[in-house]
Amino acid sequence: ETANFEFPLITKHGIRIEVLLNATTRRDEQGNVIGVVGIGQDITARLAQEREYSKLIDSANAPIFGVDTFGRVNVWNQCAMKLVGYTISEVMGKNLVQEFITKEYRAAVKAVLDKALRGKETANFEFPLITKNGVRIEVLLNATTRRDEQGNVIGVVGIGQDITARLAQEREYSKLIDSANAPIFGVDTQGRVNVWNQCARKLVGYSTAEVMGYSLVKEFITKDYQASVQAVLDKALDGVETANFEFPLITKHGIRIEVLLNATTRRDEQGNVIGVVGIGQDITARLAQEREYSKLIDSANAPIFGVDTFGRVNVWNQCAMKLVGYTISEVMGKNLVQEFITKEYRAAVKAVLDKALRGKETANFEFPLITKNGVRIEVLLNATTRRDEQGNVIGVVGIGQDITARLAQEREYSKLIDSANAPIFGVDTQGRVNVWNQCARKLVGYSTAEVMGYSLVKEFITKDYQASVQAVLDKALDGVETANFEF
C-alpha cells in the first residue's frame with residue numbers, strides 16, 4: 001500500500017486539482033485481492049499556499065535555510081545564496097554543520113539544531129559561516145522547529161541575519177570606549193557591571209575581572225551616596241537620563257575620588273532598555289582647586305559676592321559679611337539688587353550685572369550698599385562674568401572695595417580746597433579746568449560754571465604768557481613740578 005501519494009486530477013470542467021492519496025488494497029473474505037480503495041484529500045489550496053510560502057522564503061531579504069532530521073540542507077533561499085556564495089545545487093543534501101560551519105562552532109551549532117529537532121527553539125544564536133570564497137561572516141540565527149501536518153518534527157528552519165558589519169561596528173565602538181580618555185562603565189538592568197574601560201581601570205584600580213558582574217552601587221559606591229547613585233541608575237533604566245551628577249568612588253587603595261557622571265540609557269536594536277552606560281570625568285583635582293579658590297575668596301581681604309543668572313546671591317565671603325553685617329544664611333538666594341541696594345541705584349547696579357551676564361564686564365563702578373544696621377557704605381566694584389567649563393555664563397562675581405572712608409576724605413579735601421584762603425585751580429590732562437575754589441572765583445571774577453571744562457591757558461591766560469604757562473603745566477603732567485612761577 002502507498003500513503004501520501006500526490007497526483008493531479010482533471011475535473012469535468014477541465015480544472016486541475018491536486019490530490020493526496022492513500023492507496024489501500026481491497027480484499028474479500030478469503031483475503032483475495034479484489035481491488036484498491038483510494039482515500040484522497042484535496043490539497044490544491046494547501047499546495048498553492050506552500051508554493052506561496054516557498055516563494056516568500058526564497059525571495060525574503062534574509063538568509064533562510066532548512067535542514068531535515070539528519071541535518072542535511074533542504075531549504076536554501078536566494079539571500080543565503082548571495083550571502084554565502086553557494087548555489088542550491090551545491091548545498092542541497094549536504095550536511096550543514098560538517099560542510100559549512102567552522103570547526104570551533106560545529107558542536108555549538110549542532111546542539112542548537114538538535115534542540116530544535118526536540119522541539120526547543122533558539123533565538124538570537126550567533127555563529128560564523130564560511131563563504132565559498134573563504135570569507136568568514138557572522139550570522140544571528142533563530143532556529144525554528146519544522147513540523148508536518150500531524151505535528152511530527154521533520155527538520156529545522158533557520159532564519160538568519162548577517163551581522164558581520166554590525167559586529168565590526170560594535171567592536172570598533174567597544175575599542176573606542178575601552179581606549180577613551182574618560183572613565184566609562186556600564187551596568188545591566190540588575191545594576192551589575194558589564195562595561196569597564198581602561199580609563200576606569202586606571203582611575204579606580206580594579207581590573208575588568210574584579211568588577212564584571214558585581215553590583216556597582218553595593219561594591220564601589222560609598223554608603224552615603226548609594227541611594228542617590230541607585231536613583232540615577234533607576235531613572236536611566238526608566239529612560240530618564242541624567243547629566244552632570246557628582247558622586248564619589250572608592251579606589252582599590254581606599255582613596256576617595258570625585259566623579260562627574262552622565263548616565264545614558266542603553267537599548268538593544270528593538271529599543272528595549274538593556275542597561276545604563278555611564279561616562280564619567282574625574283573631577284577630584286578640579287573640586288580640590290574649587291575648594292582652594294573658594295577658601296581664597298572667602299578669606300580674601302576684600303568684599304566678594306556672586307549672583308546667579310537670576311541675580312540671586314550665591315557667593316558671600318567673610319569680608320562681605322563683616323562689611324555689610326549680613327551672614328551667608330541671610331543673603332544666600334536673595335535678590336542682591338532688590339534686597340540690598342538703595343532704590344536710587346537699583347537700576348544702575350542691575351544694568352551692570354545684566355551687562356556682565358551678557359559678557360560685558362565693568363570696572364570701577366561706584367555704588368552704595370546699606371548695611372544690616374542701616375549704614376550707607378560706598379563700594380567700588382569690578383563686575384566679572386562667571387562661566388562654567390563649557391564657557392556658558394552662569395552668573396557674575398563682584399570684587400568690591402570699601403571706599404566710604406576714601407570718599408569721605410576726598411570730600412574733606414575738596415571742602416578744604418574750596419574754602420582755602422588762596423586761589424586754587426586744577427586742570428585735567430587736556431588742560432581743562434576741573435578745580436576752581438572760592439578764592440579763585442573772588443580773585444578772577446569767574447564763577448565755577450563759567451570756567452569748568454574750559455582750557456585754562458587759551459581762555460584765561462594772556463597771549464604773551466600762554467606758551468610759558470602751558471610749558472609749566474606740561475612739565476607737571478610729566479611729573480616735574482614747578483614752584484614760585486609768576487604769570
Side-chain angles (χ1 to χ4, degrees), residues 293-294 296-326 328 331 334-388 391 393-418 424-437 448 452-454 473 476-479:
Y293 287 161
S294 180
L296 289 171
I297 287 171
D298 194 50
S299 60
N301 192 26
I304 299 176
F305 69 86
V307 295
D308 61 20
T309 53
F310 297 99
R312 296 173 301 204
V313 178
N314 57 8
V315 175
W316 192 256
N317 77 341
Q318 290 180 44
C319 191
M321 283 190 278
K322 291 175 184 174
L323 181 65
V324 187
Y326 291 102
I328 292 176
V331 297
K334 302 285 181 65
N335 188 286
L336 177 73
V337 172
Q338 295 301 318
E339 300 286 336
F340 306 105
I341 306 298
T342 57
K343 282 187 178 180
E344 70 271 19
Y345 270 84
R346 283 178 187 166
V349 173
K350 188 175 186 304
V352 168
L353 297 180
D354 289 344
K355 280 175 64 180
L357 289 172
R358 294 195 302 271
K360 296 178 181 178
E361 301 179 346
T362 299
N364 299 328
F365 174 72
E366 293 183 19
F367 71 100
L369 273 176
I370 303 301
T371 70
K372 189 174 181 177
N373 297 323
V375 177
R376 173 178 170 139
I377 55 174
E378 303 293 333
V379 176
L380 184 66
L381 176 71
N382 288 326
T384 304
T385 306
R386 192 177 183 189
R387 300 177 185 272
D388 62 17
V393 175
I394 58 171
V396 181
V397 171
I399 302 174
Q401 185 181 354
D402 179 9
I403 57 171
T404 311
R406 196 193 79 189
L407 288 182
Q409 189 178 55
E410 285 179 1
R411 282 192 290 270
E412 179 64 18
Y413 287 163
S414 180
K415 186 178 178 181
L416 288 171
I417 287 170
D418 195 52
I424 300 174
F425 68 87
V427 294
D428 61 19
T429 56
Q430 305 300 315
R432 295 170 301 204
V433 179
N434 57 9
V435 175
W436 194 255
N437 76 343
T448 303
M452 281 294 184
Y454 288 93
L473 297 179
L477 288 171
D478 290 334

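Any value given below was found using the heavy atoms of this structure, including those in side chains, with hydrogens, waters and symmetry copies removed.
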query = In terms of heavy-atom contacts, does CG of N301 have more than 12 from other residues, nucleotides or ligands at under 6.0 Å?
reply = no

Distance check, rounded to the nearest 0.5 Å: [X] atom [atom1] versus [Y] atom [atom2]?
{"X": "D418", "Y": "R411", "atom1": "CG", "atom2": "CZ", "result": "15.0 Å"}
{"X": "T448", "Y": "N434", "atom1": "OG1", "atom2": "CG", "result": "11.5 Å"}
{"X": "Y345", "Y": "I370", "atom1": "OH", "atom2": "CD1", "result": "11.0 Å"}
{"X": "L323", "Y": "Q401", "atom1": "CG", "atom2": "CD", "result": "11.0 Å"}
{"X": "Q409", "Y": "R406", "atom1": "CD", "atom2": "CZ", "result": "9.5 Å"}

ask   = Charged N to carboxylate O under 4.0 angstrom, E344 versus R376?
value = yes

task = Can you run down the salt bridge (Lys or Arg N to Asp or Glu O under 4.0 Å) pairs that involve residues 357-374, sequence neighbours left out, and say none if there aren't any?
result =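 Listed by first then second residue: E330-K372.
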
request  = Hey, could you give me each pair passing salt bridge (Lys or Arg N to Asp or Glu O under 4.0 Å) that has a residue in residues 299-312? Not counting sequence neighbours.
outcome  = D308-R312

inquiry  = I'd like to know if the side chain of R386 reaches the main chain of I394, judged simply by a donor and an acceptor atom lying under 3.5 Å from each other, with no hydrogens or angles considered.
reply    = no

query = Any side-chain heavy atom of L381 within less than 4.5 Å of one from T362?
reply = no

inquiry  = Looking only at the side chains, is there a donor atom on one of N373 and T371 sitting less than 3.5 Å from an acceptor on the other?
reply    = no

